[in-house]
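Some notes on the structure that comes next.
In what follows, every heavy atom counts, from backbone to side chain, and hydrogens, waters and symmetry copies are set aside.
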Amino acid sequence: TRLEDLRVKLENEGLVNISYVVVNHQGAQSQREFHLLKESVSDYITVYQQEEQQDDVWTTLNGNKDDFLVYDRCGRLVYHLGLPYSFLHFQYVEEAIKIAYCENKCGNCSYTEPDTDDICENITRKGDKLEEIEPKPTGQHSHHHNLHRHGHHH
């Protein structure tokens, strides 16, 4: 339900056409509770039920239960957040989505839409983001957004 709240908040801020997918665990217990998961989010959020015999999505993605993986428009993984960063009452997931949406962190992507400029104008001005996840040397805050734009991969 918190994910739905976040989706609505971002949509109201102009961040549209974001795909949200919840990947349910393969286990029998999780499969039995699938309907509860499905009922707790709106139709705008896809709930994907893994089959027991398929390769586990989380293993393939090197992830764990409750992780958030945030991809850009070109399908590149921009952030992989685990606990406690994935708790939605913190700002981390929201900021990660905004960065993936607004800043070409992984280099240019031909799918970027020109009308995101106005939206992102407001968002990227909101100061330093995800400082706890990506510590930056102090005194360089004014530059660090630009450093990322030139496609330095970590």
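For Gln50 (side chain) and Trp58 (main-chain N/O), no donor-acceptor pair under 3.5 Å exists by modelled atom type. A donor-acceptor pair under 3.5 Å is formed between the side chain of Arg76 and the backbone N or O of Gly107. Ser86 places no side-chain N or O within 3.5 Å of a backbone atom of Phe68 that could act as its donor or acceptor partner. Under the 3.5 Å distance criterion, the side-chain polar atoms of Arg2 are left unmatched by any main-chain donor or acceptor of Leu88. The backbone N or O of Glu51 lies less than 3.5 Å from a partner atom in the side chain of Gln54, making a donor-acceptor pair.
With values rounded to the nearest 0.5 angstrom, Ser40 atom OG is found 9.5 Å from Leu3 atom CG.
In the hydrophobic cluster analysis, where Ile, Leu, Val, Met, Phe, Trp and Tyr join through side-chain heavy atoms closer than 4.5 angstrom, Val78 is grouped together with Ile97. Tracing side-chain contacts under 4.5 Å through hydrophobic residues (I, L, V, M, F, W, Y), one reaches Val41 starting from Leu15; they form part of the same cluster. Linking ILVMFWY side-chain heavy atoms closer than 4.5 Å, directly or via other members, places Leu81 and Leu83 in a single hydrophobic cluster. Under the 4.5 Å side-chain heavy-atom criterion for ILVMFWY residues, no single connected hydrophobic cluster contains both Val47 and Val57. Leu10 and Tyr79 fall within a single hydrophobic cluster, where Ile, Leu, Val, Met, Phe, Trp and Tyr side chains are chained together by heavy-atom contacts under 4.5 Å.
Under a cut-off of 6.0 angstrom, the local environment of OH in Tyr44 is sparse, with at most 12 non-hydrogen atoms contributed by other residues, nucleotides or ligands. More than 12 non-hydrogen atoms from other residues, nucleotides or ligands lie less than 6.0 angstrom from CG of Asn12. In this structure, Asp55 places its CG atom where only 12 or fewer heavy-atom neighbours from other residues, nucleotides or ligands lie under 6.0 Å away. Atom NZ of Lys65 is surrounded by 12 or fewer heavy atoms from other residues, nucleotides or ligands within 6.0 Å.
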What pairs of donor and acceptor atoms, side-chain ones from residues 16-24 against any protein atom, are under 3.5 angstrom apart with sequence neighbours left out?
{"unit_1": "Asn24", "atom_1": "ND2", "unit_2": "Ser30", "atom_2": "O", "d": "3.0"}
{"unit_1": "Asn24", "atom_1": "ND2", "unit_2": "Gln49", "atom_2": "OE1", "d": "2.6"}

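No salt bridge links Lys98 with Glu95; every basic N to acidic carboxylate O contact stays at or beyond 4.0 Å.
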Kindly indicate, with the supporting measurements, whether the criterion disulfide bond (SG atoms under 2.5 Å apart) is fulfilled by Cys74 and Cys109.
-> CA-CA 6 Å; Cys74 282; Cys109 174; 1.9 Å; yes
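Classified by interplanar angle (parallel below 30°, tilted 30° to 60°, perpendicular above 60°), the ring pair His89/Phe87 is parallel.
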